[in-house]
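Report on one structure; see the data block that follows.
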Amino acid sequence: MIPALLLVAPASRVAVEYDWLFWSLVVVCGGVAVGIAAFVVYSAIHFHRRSENELPPQIKGSLKLEVTWSVVPLIIFLGMFAWGASLYFDIERPPANATEVYIVARQWMWKAQYLDGRREIDELHVPVGRPVKLIMTSQDVIHSFFVPAFRVKQDVLPDRYTTVWFQPSKPGKYHLFCAEYCGAKHSGMIGYIYAMEPREYALWLSQGAAEGSLASTGEKMFHQFGCANCHHFDGQGPCPDLKGLYLRPVLLTTGQTVVADESYIRESIVDPAAKIVAGFTNYMPVFKNVLTEDQLVELLAYIKAIGPAPGTQQPSSAGSVPATYGGQPGISGSGPAGISTDQSRAH
Amino acid sequence: MTPVAEAVTVERNYLNQGEGILSWLFTLDHKRIAILYLVSVTMFFFLGGLFALLMRLELLTPRAWLFNPGDYNKMFSMHGIIMVWFFLIPSIPTTLGNFFIPMMIGAKDLAFPKLNLLSWYIFMFGGAVTVFALVRGGVDTGWTFYTPLSTTYLNTYVTATATGVFIAGFSSILTGLNFIATIHRMRAPGMTWFRLPMFIWTHYATSLVLVLATPVLAVTLLMMGVERIFHVGIFDPALGGDPVLFQHMFWFYSHPAVYIMVLPGMAVISEIIPTFSRKPLFGYDFVAYASMAIAVIGFLVWGHHMFVAGLSIYSAMAFSFLSYLVAVPSAIKVFNWSATLYKGSISWDTPMLYAIGFLGLFTIGGMTGLFLAALGIDVHVTDTYFVIAHFHYIMVGGTVMAFLGGIHYFWPKITGRLYPEGLARLSALIVFVGFNLTFFPQFVLGYLGMPRRYAAYPTEFQMLNVLSTAGASILGVGYIFPLCYLLWSWKYGKKAGPNPWRGTGLEWTTASPPPRDNFEVSPIVEGPPYDFGRMREELHLG
Amino acid sequence: MAQPIVSKKTYALTFGTLLGITALTTLLGFIDMGSLNTVVAVGLAGVKACLIAGFFMHGFYESRTVRIAMIAGVAWFLIMISLTLVDYASRFW
Amino acid sequence: MAEPLALILREQFHAPEQQRETATLGMWIFISTEIMLFGGLFLAFSVYRMYYPQAFIAGSADMNIALGATNTAVLICSSFTMALGVHSAEVGGRKLLNLFLALTMILGAVFLGIKFTEYYLHYLDHRVPGPGFLFPSADPPKAEMFFLLYFIMTGLHALHMFVGEGILFSMILRNRAGSFSAEYHTPVVLAGLYWHFVDVIWVFLFAIFYIEGLHLHKW
Ligand code: HEA
Ligand code: HEA
Ligand code: CUA
Ligand SMILES: [Cu+2]
């Protein structure tokens, strides 16, 4: 039991906050529960029936008491709600400067794709002290990404991106579980997260023999699947210019405006007709069942890398841990060659 | 309410009126139908329990040593499906509810006796289909049938099982309908709403949920079946559907369903505690309103099962907030039950032991529900053993305890015999100890991060799992005891007399076992429920 | 609480109105009103439903309990649909 | 001849009025459950309607409004005759009751006939979801979702119509056997409630499936 407890010792910033809340609830609820139990046991013993014909005072109720024990718990509950909700917002909202890693889940393995093109199966290496954001999708059924030591969990859905983030605070090897039942080998869909000191992490990164960054593979795909035939980067032609698309508000034919986040871009590729950009007619082929989730991730990384939209933060550079941590990370050198990073292109 | 002071021995009662198996299979008597249900749900309970034992055995070691993981998945799926739909949901309402709702309101029968019998047949048919699926090879969806796993990826008997559950759902609906109509229209003269025993109020609330939630389960399973059979998209994203919609619809039913499971338990407790404290239920009105509030607000909180499923965070906030609201009426009830004990004349008969057990375990289960309802906390413990422990505390520690308590409490009325008190107290103790040993370690496991539905697990979780398995075997013994001595006492127990506990309800004014029409003379109600003060007059007279 | 008998005239009037609304619904359906089309179609359907439930099904003449039973189904349906749609609508905030 | 009161009153009741009220209440509760049953489907429809607005409007534009509107009118007529049937029962007009029940059944049959004709036309047009599905638009899979919901919802509705026909038929038989009178005709009232309810469901189905995209209908 002791080693188990150690294993779940909080290893991320959120986990520490989490434990505060959790143990506070244990104290409050435990206190009330012990109080109730004590009262019940005391009554049961102290007022134990003494004679067969005993008739106790017939007390019917008390408005004062009723109000007290409705309102006081309510107030306590509201406190729990507020604290729980604020923690949830911390857990759910990744900071803008987080390093991105793409996760593709399938029965029954986790595949991680780093921006520098490294791939790992059932393992994930992350630096200590820096926020990491995972952009996750599933190839088949629903899975759930769960790292107990970080106190985070997020279902991974097919046909959609969900994200989770954490900031490891202690180097170590932590369990990664699949927490949503996903078929026969659900309990085998486990792995490890290695949180490393930044120096070691940099070393680990440099040893990776990647065939090129994720975005550059994406660029190859972009040509291979003929995207480049239609989508030009000079604003010419009958197709939208994809430069700076990421996080830009896009006006649709329906008059709605949507923000071009990961899910939107993904949908635009697999199901172009779903949302059509204003001013264009849709004749883009449907890439559903043509591209694998891995390829989609590569294309996505590429599209995100080709120039940030004006005025929005670019999450992280393609390829490596942001050199200037906390500063304004731009496109670092490892981005695909020949791609303009001109940020001033107006829509 | 004229209590029968002396035991009026009625020669003919509902048990001996009509002989032979056919007189049971075609009976329209709510009491006999209750017995039919009792036999059926008991069988399903032990079947579900058998799966639980096998599961616990498997979890003794970190490796999958007894079954391969696929078979383990079938174990928990069949365990959950049978326990929820074929044991716990029908357990109290169709047995004790069926038997005692008409008696407590002074009616001859339910409003629609034929419908009542039909419900049982539908239930058994649904059960038969499910058991058929089980013997043919089982199902491994989990009791939640999440898509697209269930519709596209599994090749077990998903459709057959879902059909069984679908069918059983209609039995629930008809039972609920029958209860509502009965409680509205069949009360004896003088039995006003605020003279109803709390048992009735709470069953009324339960029936509301049964009637309004169950159809949604039916239609959800229907759509799931269509998708699975015809390979057309409703919930599968590969076919254009949305799996989260399935979860919305499933939990729209299943959260209210957890109140279907606990409210009847509360109904029983609200009878036992006054009787064995000889005091009126403290804060009667508030407890009545609390039951209704649980039934209504219980419909607004289903999203708390989906906090990490891809729900919008704003929606999640609303659902979390509402979950806390629905906990308030439960709190009111716990406090009122406790207050009823205060200055009472408390006897330690077996039903009361179960009731006290219920109080403690339900409180723990409910409070851990508060943990889960806190958004941030749920993220870590959802889909771990923490959730498993939470709901077993409420469903097993709460409702099953209440069920056992209720069976003991009403046993003399149902059979006319007393059960052996000493043995009964002993097994209540065994159940309590075994239960806590089984499920308390699971809270810790959950906090440590052990996911649910795992056939194999990392070694550091073993110690707690061994404790839990040990507890489960004690618990199993604790359940087999009552089965044996209750059956024994049906034949050989001491004769009970009409009112062994000196209860105040109408059901205690008639003979044990009651005559076919429940009462020799149709009762007229003149006073409030739980009127123990009458005892004084009785004593003066006697 | 004997049930009043609804007159044939009331039935006939209801019937006429229902047919009228059906015609109106269909005619309005031909006009492109943008998203209003849905609102009008479902709204008029709601009016028809009320007429049927009120007159044909004696909803306007029944006891309070029965009326509550009628309304409960609709109210619960609205709970289900509104809370679910709120989730979908707020996903992209 | 009306049955003697003793036979009509089931033993668990103490007065005919109580029995009637109870039965009506029971029926209404049942209808509430039916609302929730169809409600789940309406919910699914709304969600996908929100996801795929164009495809759903296009699907709706593809419906045969002539048949749909006719069917709506037929069903409203049948509700009218049903209401008149209940009226006849209330005043004890056995012959008229028979007539109206029969008329209602015929109208119901007409409705089903038209509905299945429509299904057949959909089949000819390859609008049945599944491998053979065809839809002349940019986005057949989404229109397929529309048609799937269309078939499930109208199919479940048609199933209810069949049940309703069965109930009406049994009412006719019981009426001919002389079971109903001005004093006792609760089963007819209940049958009427059921029938009207099924009508109400159709009114909504008509609105969402036929009317929504009517303005885009290609003639
Ligand atoms: C009978 C069954 C039952 C009951 C009554 C409840 C009652 C409650 N449940 Fe539980 N629940 C389940 C059965 C039940 N649950 C099941 C089966 C699951 C899992 C399903 C699955 O995934 O397979 C589940 C899962 C579940 C979850 C989702 C967990 C997850 O999967 O992530 C949540 C989250 O909010 C939750 C919350 C609650 C709450 C707030 C209550 C409240 O109603 C509890 C209210 C009661 C109390 C609070 C106790 C008494 C109060 C006091 C004594 C007051 C004093 C206290 C203080 C002042 C602190 N439950
Ligand atoms: C509704 C009621 C209910 C009840 C009463 C129980 C009772 C028990 N449950 Fe169950 N449980 C659920 C509902 C219930 N459960 C649900 C809904 C799930 C989720 C399923 C899912 O994930 O899909 C679950 C899941 C679940 C798990 C998690 C599985 C997993 O996620 O991997 C475990 C693990 O320990 C467990 C254990 C037990 C135990 C030990 C009991 C004990 O209380 C049982 C004790 C009973 C006995 C031991 C019976 C004695 C019988 C014999 C001795 C055999 C004799 C046999 C014959 C005569 C035929 N349950
Ligand atoms: Cu993947 Cu469980
Ligand atoms: Cu819940």
Side-chain angles (χ1 to χ4, degrees), chain A residues 1 3-4 7-8 18 21-22 25 29 33 36-37 39-40 43-44 47-49 53-61 66 69-70 73-74 77-78 80-81 84-85 87-88 91-92 140-142 144 146 148 151-155 157-159 162 175 177 179-187, chain B residues 69-70 73 142 146 148-149 153 237 243 278-280 282-284 286 308-310 313 317 320-321 324 327-328 331-332 335 338 341-347 356 359-360 363-364 367 370-371 374-377 379-380 382-383 448-449 451 453-456 458 460-461 463 532-533 535-536 539:
Chain A
M1 229 176 115
L7 258 167
V8 82
Y18 181 95
L21 175 52
F22 187 92
L25 286 196
C29 289
I36 293 176
F39 178 82
V40 167
S43 303
F47 303 112
H48 184 40
R49 187 173 296 169
N53 290 330
E54 188 176 50
L55 185 65
Q58 299 293 296
I59 311 165
K60 292 255 164 63
E66 299 290 345
W69 63 48
S70 315
L74 181 63
F77 293 169
L78 291 183
M80 294 179 181
F81 162 71
L87 177 61
Y88 183 69
I91 296 175
E92 289 293 310
D140 36 50
V141 301
I142 303 176
S144 192
F146 177 31
R151 311 285 190 273
V152 292
K153 185 182 287 121
Q154 174 63 51
D155 280 10
L157 288 94
D159 228 37
T162 52
H175 277 300
F177 293 127
E180 184 64 66
Y181 174 59
C182 53
K185 299 207 190 81
H186 161 61
S187 58
Chain B
N73 297 342
Y146 272 18
L149 183 66
Y153 289 86
R278 290 229 176 116
K279 267 182 71 202
F282 195 88
Y284 173 94
F286 289 88
V308 301
I313 50 177
M317 254 178 73
S320 164
F321 178 76
Y324 280 107
V328 174
I332 294 177
F335 290 125
S338 311
L341 299 176
Y342 187 67
K343 289 198 175 159
S345 161
I346 293 167
S347 92
I356 291 175
L359 263 184
T363 302
I364 296 177
M367 283 178 172
L370 300 176
F371 282 58
L375 287 161
I377 298 228
V379 170
H380 171 56
T382 181
D383 276 321
L448 296 181
R453 298 170 169 177
Y454 263 30
E460 61 267 23
F461 298 133
M463 161 95 139
F532 293 92
M535 241 177 70
R536 199 175 297 125
L539 290 178

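Just so it is clear: chains get the letters A, B, ... in the order the sequence lines come, proteins before strands, and each one is counted from 1.
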Go through it in stages, so that I can follow the logic: the residues are B/V379 and A/R151, the test is side chain to side chain contact (heavy atoms under 4.5 Å, CB included), and I'd like the CA-CA distance, side-chain angles, deciding distance and then a yes or no.
CA-CA 7 Å; B/V379 170; A/R151 311 285 190 273; over 6 Å; no
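- Note on ring orientation: taking the six-membered ring where Trp is involved, the planes of A/W69 and B/F335 are parallel (angle under 30°, cut-offs 30° and 60°).
- Looking at A/A37, neither its backbone nor its side chain comes within 4.5 Å of chain B, counting heavy atoms on both sides.
- Of all heavy-atom pairs between B/G533 and A/L55, the closest is CA-CD2, 4.2 Å.
- Of all heavy-atom pairs between B/S338 and A/V40, the closest is OG-CG2, 3.9 Å.
- When B/A455, B/G360, B/A331 are compared by the number of non-hydrogen pairs under 4.5 Å with chain A, B/A455 comes out ahead.
- Ranking A/A85, A/A44, A/P73 against chain B, the residue ahead of the rest is A/A44, based on heavy-atom pairs under 4.5 Å.
- The ring-ring contact (aromatic ring centres under 6.0 Å, His included) check on A/Y181 picks up A/H186, B/F76, with sequence neighbours excluded.
- Between chain A and the residues B/I377, B/I356, B/D383, the most heavy-atom pairs under 4.5 angstrom are made by B/I377.
- Residue B/T382 holds its OG1 atom at 8.0 Å from CD of A/E180, rounded to the nearest 0.5 Å.
- Both the backbone and the side chain of A/L25 come within contact range of chain B, with heavy atoms under 4.5 Å apart.
- The contact between A/P57 and chain B is made by backbone and side chain atoms together, counting heavy-atom distances below 4.5 Å.
- The part of B/L359 that comes within reach of chain A is its side chain, from C-beta onward, which places non-hydrogen atoms under 4.5 angstrom from that chain.
- Listed options A/T162, A/I91, A/D155 were ranked by heavy-atom pairs under 4.5 angstrom with chain B; first place goes to A/D155.
- Within the 4.5 angstrom heavy-atom criterion, atoms from both the backbone and the side chain of B/F371 approach chain A.
- If you measure heavy-atom distances from A/L157 to chain B, the contacts under 4.5 Å come from the side chain alone.
- The two atoms that bring A/P158 and B/P237 nearest to each other are CG-CG, 3.4 Å, heavy atoms only.
- Among all heavy-atom pairs drawn from B/G449 and A/F177, the shortest one is O-CE1, 3.3 Å.
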Side chain to side chain contact (heavy atoms under 4.5 Å, CB included) for A/F22 and B/H380? Distances and angles first, verdict last.
CA-CA 10 Å; A/F22 187 92; B/H380 171 56; 5.9 Å; no
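- B/P148 has its side chain within reach of A/I142: a pair of non-hydrogen atoms, C-beta onward, lies under 4.5 Å apart.
- If you take CD1 on A/I59 and NZ on B/K279, they are separated by 4.0 Å, rounding to the nearest 0.5 Å.
- At a threshold of 4.5 Å between non-hydrogen side-chain atoms, the residues A/C182 and B/Y153 do not count as touching.
- Environment of CZ in A/F81: crowded, with over 12 heavy atoms of neighbouring residues, nucleotides or ligands closer than 6.0 Å.
- Below 30°, between 30° and 60°, or above 60°: for A/F47 and B/Y342 the angle between ring planes is above 60°, a perpendicular geometry.
- Residues B/F321 and A/L78 are in side-chain contact: their nearest non-hydrogen atoms beyond the backbone lie under 4.5 Å apart.
- Atom-to-atom distance recorded for A/E92:CD and B/M317:CE is 12.5 Å, nearest 0.5 angstrom.
- Rounding to the nearest 0.5 Å gives a distance of 10.5 Å between CG of B/L375 and CG of A/L21.
- Across B/I364, B/L341, B/V328, B/N73, the residue that shares the most heavy-atom pairs under 4.5 angstrom with chain A is B/N73.
- Among the candidates B/A374, B/S345, B/P451, the residue making the largest number of heavy-atom pairs closer than 4.5 Å to chain A is B/S345.
- The residue among B/S320, B/G310, B/A327, B/A309 with the most heavy atom pairs within less than 4.5 Å of chain A is B/A309.
- Summarising the geometry of B/I332 relative to A/S70, their closest heavy-atom pair is CD1-OG, 3.4 Å, with the distance given to 0.1 Å.
- Shortest non-hydrogen contact noted between A/C29 and B/L370 is SG-CD1, 4.3 Å.
- In terms of heavy-atom pairs under 4.5 angstrom with chain A, the leader among B/G70, B/G142, B/G283 is B/G283.
- With a 4.5 Å cut-off on non-hydrogen atoms, A/E66 touches chain B through its side chain but not through its backbone.
- Looking at heavy atoms from C-beta onward, B/P280 lies in side-chain contact with A/K60 at the 4.5 angstrom threshold.
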